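Beneath this line is the structure, given in structure tokens, with notes to follow.
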Amino acid sequence: MNADVAAENPSALSLWNDPTVPVDARVDALIAAMTLEEKTAQLFGVWVGASADGGEVAPHQHDMEEAVDLEALLPTGLGQLTRPFGTVPVDPALGALSLARTQARVAASNRFGIPALAHDECLAGFAAWGATAYPVPLSWGAAFDPGLVRRMAAAIGRDMRSVGVHQGLAPVLDVVRDARWGRVEETIGEDPYLVGTIGTAYVQGLESAGIVATLKHFAGYSASRAGRNLAPASMGPRERADVVLPPFEMAIREGGARSVMNAYTDTDGVPSAADEDLLTGLLRDTWGFDGTVVADYFAVAFLKILHGVAADWADAAGTALRAGIDVELPNVKTYGVPLTEAVADGRVPGELVDRALRRVLTQKIALGLLDPDWDPLPAALAGTDPDDPEALRGRVDLDSPGNRALARTLAEEAVVLLGNDGTLPLDRPRRIALIGPNADEPTAVLGCYSFPQHIGVRHPGTPLGIGLPTLRETLAAEFPDADITYVRGTGVDDGDLSGLEEAVRAAREADVTLVALGDRAGLFGRGTSGEGCDAETLDLPGAQQQLLDALLDAGTPVVTVLLAGRPYALGRAVTESAAIVQSFFPGEEGTHAIAGVLSGRVNPSGRLPVGVPRAPGSQPGSYLGAPLAQANEASSVDPTPAFPFGHGLSYTRFDWNDLTADAREAPTDGEFTLAFTVRNTGDRSGTEVVQLYLHDPVASVVQPVQRLIGYTRVTLDAGETRRLRVTVPADLASFTGRDGRRVIEPGVLELRLAASSADPRLTARVVLTGAERHVDHTRRLHATFVQKPATT
């Protein structure tokens, strides 16, 4: 049915607005009624007024910034509104009203009354002024607690939905391959199973609130050469299949994610935005994904200006559309006039436009945007007078007490105690020397995608919008009887050592020295961690190591505290610090969590989601290395980390014993069941993180020495004992074989129950029997833990 026929048939026009009609039929009717220009209009977003002060929030933004003539665009419709809250500081209620008015205008301007889909960032909380700043994803990984991450994501989603946002650009499922990469803070860790389970929990939480979760960056962004942002990715198909892709596979299959965002990088010469085998062949044809694929910002245009695989904008549009990118973000550049003209003259098949359009309209219908009762006014403004904007100011709270409680709990679970000679917890110290660039800096707890660091820094004079107590302030509250002397010592990266003498003097006069070091989050070189803030080595930035070494020489016990976006080599501090406390940008409640660990109010239970290097030049590196990647006599370089993946100490002790196995042999389509006991032998309650690793000593292709296949948190009171049973499917032993298919091979395996990747406590040697077995994306993905009180 063409548009003219539809216009003569009012009942056909109403079909797509009828929620009693099957979605496919509604979509078919609407597509049949649309002109080519109306179709392509649904395939791009606009970023109205973005970055008016000249600061970039996306790479190469200014290469493609052009004024958007909204009046000219709206009559044909609009696919998406880009970051209505995450562009400038705005009171949440007024932002919601502005978005509602814009949506009403969008819907009223096109023939079919279709509103736009509004998206925003939510990497570590809704990236809006005044919204809760939660710990960054690397802290989620350190918590090893999917349930808590799911609750956090649901809270984020509820806040976003309440003000009219539909889609969140998170989570990041990139697996850390090189800690020099600036975006390590945005990742969950260096292990694909940890990334997959935590990331999937985040997706489940966000989707439960009605927000479209967007998996990024698909695929291989974090595998860039030398850890440089946007650099080509160096990996073979087996690394891609066994390390990079599993988190995405899990989040689609178990999380129900409705959107995927491409990676900027190219792998073996093929940009992800042009990779039909990846975006269509694997994602859709094999995995069955039926949501939308959205372009990372400007990624379609990058096919021409950065990758050089497109001759002009129309070629870039056709290439991306053919590969499987449905929506161009953040602005219209190629999917507008260039695409329309290319379809009209036959250079791009119209079927590709219809294919992408079908996915976009299906999603909009699922969100209720085409229902007759759709209302642009969001839930947060229900019952208000939209004609009196000033009366709305302050009405919407995006940083509720419940949010802050979640943020604090997650921050507490994510703090990792790396080392301790007994100095911690501090026992009523009388004199504390608090030293370092992150000791009295409010934003030291925030990552680069938090609103204050991402947007707020470009609006000096604007209040932060949330409370960010410094470590100095929370320590004063935590130790009210202590005399705390604060000395900055040096900056994060300024190299200034003029305060060194004063810092050493303060340390010598104190009972204990707390030195707060780490990063400043920023964008594109404006920080030491964050997007575009890559590092040449893993030395502490600036003169921080010199400050640390001088304090170690002062003779007072030194507790090293890290507020950082990546792990750093700590030099002498690894063996000479009295204690080391690692946090990864722990969010607005983070300093309370750190202070609690220092005092003992919080018993630390965090575990490292990435190893801490022994030397600053040991990258790229990962605990997932094969035998030849370990320390050996063939090389003078020892890549062994100072603190390994999964490591973390507690203020209590846990004994593991009495391992049994129901059977030591199982077929390649079977499973093993192990049981063991964990007991808290200390004098206070605590949480142990039980980690299950698989070691495959002989395989047809080289395997990592070990890899994580399961984990669980076990919380025990002093003296309490728990009996754990874990069922391990043979499917977890699968890997990509020589022919590119995933295979389970018969043979001996070791199942290692461990406190870290370097601390196995109990090992079961088991055997898979029978023939080789091939599995696919429907294989079993998890070991199952069951905890019960131990019988005496």
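This one's a predicted model, so the numbers in the text were calculated from it and none came from an experiment.
A salt bridge links Arg111 to Glu38: one of the charged nitrogens lies within less than 4.0 Å of a carboxylate oxygen. We find that Arg150 and Glu207 are not joined by a salt bridge, their nearest charged nitrogen and carboxylate oxygen being 4.0 Å or further apart. The residues Lys333 and Glu328 are annotated as not salt-bridged, no charged nitrogen and carboxylate oxygen being separated by less than 4.0 angstrom. Using a cut-off of 4.0 Å between Lys/Arg side-chain N and Asp/Glu carboxylate O, Lys216 and Glu186 are scored as not salt-bridged. Ion pair Asp290/Arg359 not flagged as a salt bridge, since none of the NZ, NE, NH1 or NH2 atoms sits closer than 4.0 Å to an Asp/Glu carboxylate oxygen. Comment: Arg393 does not engage Asp388 in a salt bridge, judged by the lack of any side-chain N to carboxylate O separation of less than 4.0 angstrom.
For the residue pair Ser605 and Glu413, no side-chain donor N or O sits within less than 3.5 Å of a side-chain acceptor on the partner. With 3.5 Å as the limit, one finds no donor-acceptor pair spanning the side chains of Thr187 and Asp174. Side-chain contact, Asn229 with Tyr264: no donor N or O sits under 3.5 Å from an acceptor N or O. No donor-acceptor contact under 3.5 angstrom links the side chains of Glu588 and Tyr134, judged on distance only. With no hydrogens or angles considered, no side-chain donor-acceptor pair links Thr528 and Asp493 at under 3.5 Å. With 3.5 Å as the limit, one finds no donor-acceptor pair spanning the side chains of Asn17 and Asp371. In this structure, a donor-acceptor pair under 3.5 Å is absent between the side chains of Thr470 and Glu441. Between the side chains of Asp326 and Thr292, no donor N or O sits under 3.5 Å from an acceptor N or O.
For an aromatic pair to be called close, the ring centres must be under 6.0 Å apart, and Trp181 with Tyr221 satisfies this. Aromatic ring centres of Phe85 and Trp129: separated by at least 6.0 Å.
Annotation for Ala170 and Leu206: closest pair O-CD2, 4.2 Å, computed over non-hydrogen atoms. For the residue pair Asp519 and Pro541, the shortest heavy atom distance occurs at OD1-CG, 3.7 Å. Looking at every heavy atom in both residues, Ala439 comes nearest to Tyr486 through CB-CE1, 3.8 Å.
For the atom pair CG of Leu468 and CD of Glu473, the computed distance is 9.5 Å after rounding to the nearest 0.5 Å. Interatomic distance, Gln80 CD to His166 NE2, rounded to the nearest 0.5 Å: 10.0 Å. Between Leu434 atom CG and Asp440 atom CG the span is 7.5 Å, to the nearest 0.5 Å. Rounding to the nearest 0.5 angstrom, the gap separating the CG atom in Leu138 from the OG atom in Ser583 is 10.5 Å. Residue Leu406 holds its CG atom at 6.5 Å from CG of Asn403, rounded to the nearest 0.5 Å. Atom CG of Leu370 is separated from atom CG of Asp18 by 11.5 Å, given to the nearest 0.5 angstrom.
Across Val360, Asn262, Val260, Thr214, a single residue satisfies side-chain contact (heavy atoms from CB on, under 4.5 Å) together with Val294, and that is Thr214.
Not a single salt bridge (Lys or Arg N to Asp or Glu O under 4.0 Å) links Arg158 to another residue, sequence neighbours left out.
The environment of CG in Asp494 is crowded: more than 12 heavy-atom neighbours from other residues, nucleotides or ligands sit within 6.0 Å.
Put simply, the side chain of Gln167 never gets that close to the backbone of Leu117: no donor and acceptor are under 3.5 Å apart.
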